[in-house]
Amino acid sequence: MKIERLIGILSILLQQERVTAPELSRRFEVSRRTINRDIEDLCRAGIPIVTTQGQKGGISIMEGYKMDRTLLTSEEMQTILAGLHSLDSVSGTNRVAQLMEKLSVGGSDWMSGSQNILIDLSSWYKKSLAPKIEQIRAAMDSHRLLSFIYYSPHGESRRLIEPYYLIFRWSSWYVWGYCATREDYRLFKLNRMEEIQPGAAFEPRTVPLPDLRNERIFPGGIRVRALFDPGCKWRLVEEFGPACFEQQPDGRLLFTADYTDEENLLTWLLSFREKVELLEPKQLREKLRDSARQIFDRYQ
C-alpha cells in the first residue's frame, strides 16, 4: 500500500545519492506515474526532493538539506519493521516481506540485526477480517463510498459511509467515516459489518480525527462492587490490573470498578458463573438474580 511504498522510497533516497524513476518503478512494481505522485507527496510532507535530467540525472534529496543518514538508527528501523509486519499478520499478504527485500540496497546496516519485536494482530476472525480490511483500504485509496449491513444492539441497518481511517483499538478493528444515514462521523466495528460493497466516488472532506480516549468511548457511570473467589485473581489482573481488588480475610477478592454498559456488565459477571457475588448496584443484583432464575428454569 501507499504508506509502505513512501517509507520505502524515502529509505532508498537516504541510502543512495541518486536513483531513477524507472528503477523505483521496477523495485516497487508500480507505474512511473505512481512514482511521480509519490515523489510529489513526499515533497508536500516537507522532504526536499529534486529531480535532474540527463544521463546522470535522477531523484535525490536536495543538497544542503539532506537528512542525516543516522536519522533512523538500526533499532528504530527494526521497530518500524515490526509495525509493518503487524499489518501482514492481519491482511494475510506478504507485502512487507517483499518491501524489505526491495529495501535491501547495498548491504545497508539498516537491515542488520535480528528482528526481536513480533506483533501479531490477527484474531480468530482473520479469514473474515482480512478481505474486509482490503476492501476498506481500496475504497479509502480511491475515495469510494462503502455500503454495508451493520449489526448493533439496536438492530441491523444498511449504512453508506465515506471511509477515512482504519483503526485498531481495544483489540478490535474499526473504520471511521462520515455516515450518510446519521449525517455525522461514526466509528464502525468491522466484525459487525457484512455485505460490504464499494460505491460511487466522493470528494474527500476535511475530516476530524476520532476522539478515542477511553473516557470518551467508555464514559462509565455504573459503580460496581463484587466478591470473587480467589481462583478468579488471574482474570481480574489480566482485565483490570492488580489494583482493582482487595483481598478479604476469607480469601475472597473485593472488586471495585466503574463500568459503562449495564448489559455488558451482566454478561461479564455471568461468565464467572458461581464464582462471583455482585454486591452493588442493588438494582443490577436483582436483575442478575432474575437472570439466574430464568437460566435455572430453562434447564429444568
Side-chain angles (χ1 to χ4, degrees), residues 1-88 91 93-113 115 117 119 136-144 162-168 176 201-210:
M1 285 296 179
K2 185 171 183 176
I3 184 62
E4 291 97 327
R5 193 171 62 248
L6 290 175
I7 293 173
I9 292 173
L10 180 57
S11 301
I12 291 172
L13 291 175
L14 285 170
Q15 298 172 69
Q16 296 184 195
E17 293 295 331
R18 187 175 287 106
V19 65
T20 65
E23 183 181 348
L24 291 175
S25 177
R26 290 192 300 272
R27 190 178 292 274
F28 293 99
E29 299 176 0
V30 294
S31 67
R32 289 270 303 270
R33 190 174 179 180
T34 297
I35 293 298
N36 291 337
R37 286 198 298 263
D38 289 342
I39 296 301
E40 291 175 1
D41 288 339
L42 287 172
C43 289
R44 281 195 290 266
I47 308 299
I49 296 176
V50 295
T51 59
T52 54
Q53 303 297 323
Q55 186 175 2
K56 296 184 179 180
I59 303 167
S60 61
I61 296 178
M62 185 180 295
E63 186 177 355
Y65 291 90
K66 196 164 186 178
M67 289 178 288
D68 190 343
R69 294 174 189 271
T70 61
L71 176 66
L72 293 177
T73 66
S74 178
E75 290 78 10
E76 290 168 337
M77 192 61 180
Q78 293 298 329
T79 301
I80 292 174
L81 300 188
L84 293 176
H85 275 295
S86 70
L87 297 179
D88 271 359
S91 65
T93 66
N94 201 33
R95 287 178 179 158
V96 172
Q98 294 170 357
L99 174 63
M100 291 307 100
E101 289 180 7
K102 294 168 184 173
L103 292 182
S104 299
V105 181
S108 169
D109 60 1
W110 275 20
M111 302 299 149
S112 64
Q115 182 65 45
I117 302 176
I119 304 173
I136 294 170
R137 291 186 72 175
M140 290 190 297
D141 288 345
S142 59
H143 305 303
R144 292 195 171 276
E162 301 170 6
Y164 289 104
Y165 291 102
L166 264 172
I167 300 167
F168 183 79
W176 172 255
F202 65 89
E203 187 65 30
R205 61 184 82 201
T206 301
V207 185
L209 291 173

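These numbers were taken from a predicted model, which means no experiment stands behind them.
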Which distance, rounded to the nearest 0.5 Å, do you find between the [atom1] of [X] and the [atom2] of [Y]?
{"X": "Arg144", "Y": "Phe202", "atom1": "CZ", "atom2": "CZ", "answer": "10.0 Å"}
{"X": "Arg18", "Y": "Glu23", "atom1": "CZ", "atom2": "CD", "answer": "12.0 Å"}
{"X": "Thr206", "Y": "Tyr164", "atom1": "OG1", "atom2": "OH", "answer": "8.5 Å"}

Checklist entry - Between Arg27 and Ile12, is a side-chain contact (heavy atoms from CB on, under 4.5 Å) present by the stated rule, with each step listed? => result CA-CA 10 Å; Arg27 190 178 292 274; Ile12 291 172; 3.2 Å; yes

Next on the checklist: According to side chain to side chain contact (heavy atoms under 4.5 Å, CB included), who are the partners of Val50, at least two apart in sequence or on a separate chain?
Outcome noted: Ser60, Met62

Item to check | With Arg33 via side chain to side chain contact (heavy atoms under 4.5 Å, CB included) - residues at least two apart | outcome: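 Once residues adjacent in sequence are excluded, the partners of Arg33 under the side chain to side chain contact (heavy atoms under 4.5 Å, CB included) criterion are Ser31, Arg37.
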
Checklist outcome for this item: From the list Leu24, Asn36, Thr52, side-chain contact (heavy atoms from CB on, under 4.5 Å) partner of Ile59 resolves to Leu24

Checklist entry - Under 3.5 Å, is there a donor-acceptor pair between the side chain of Thr34 and the main chain of Val30? => result no

Next on the checklist: Determine whether Glu162 and Arg205 satisfy the following criterion, side-chain contact (heavy atoms from CB on, under 4.5 Å), listing intermediate values before the conclusion.
Outcome noted: CA-CA 9 Å; Glu162 301 170 6; Arg205 61 184 82 201; 2.8 Å; yes

Checklist entry - Does Tyr165 reach the side chain of Ile136, with side-chain heavy atoms less than 4.5 Å apart? => result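 Side chain of Tyr165 against side chain of Ile136, heavy atoms only: no contact under 4.5 Å found.
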
Checklist entry - Tell me, do Val207 and Trp176 make a side-chain contact under 4.5 Å, heavy atoms counted? => result yes

Check residues 38-45 and write down every donor-acceptor pair under 3.5 Å in which the side-chain atom is one partner and the other belongs to a residue at least two apart or another chain.
unit_1	atom_1	unit_2	atom_2	d
Asp38	OD1	Arg5	NH2	3.2
Asp38	OD2	Arg5	NE	2.5
Asp38	OD2	Arg5	NH2	3.3
Asp41	OD1	Arg44	NH2	2.3
Asp41	OD2	Lys2	NZ	2.4

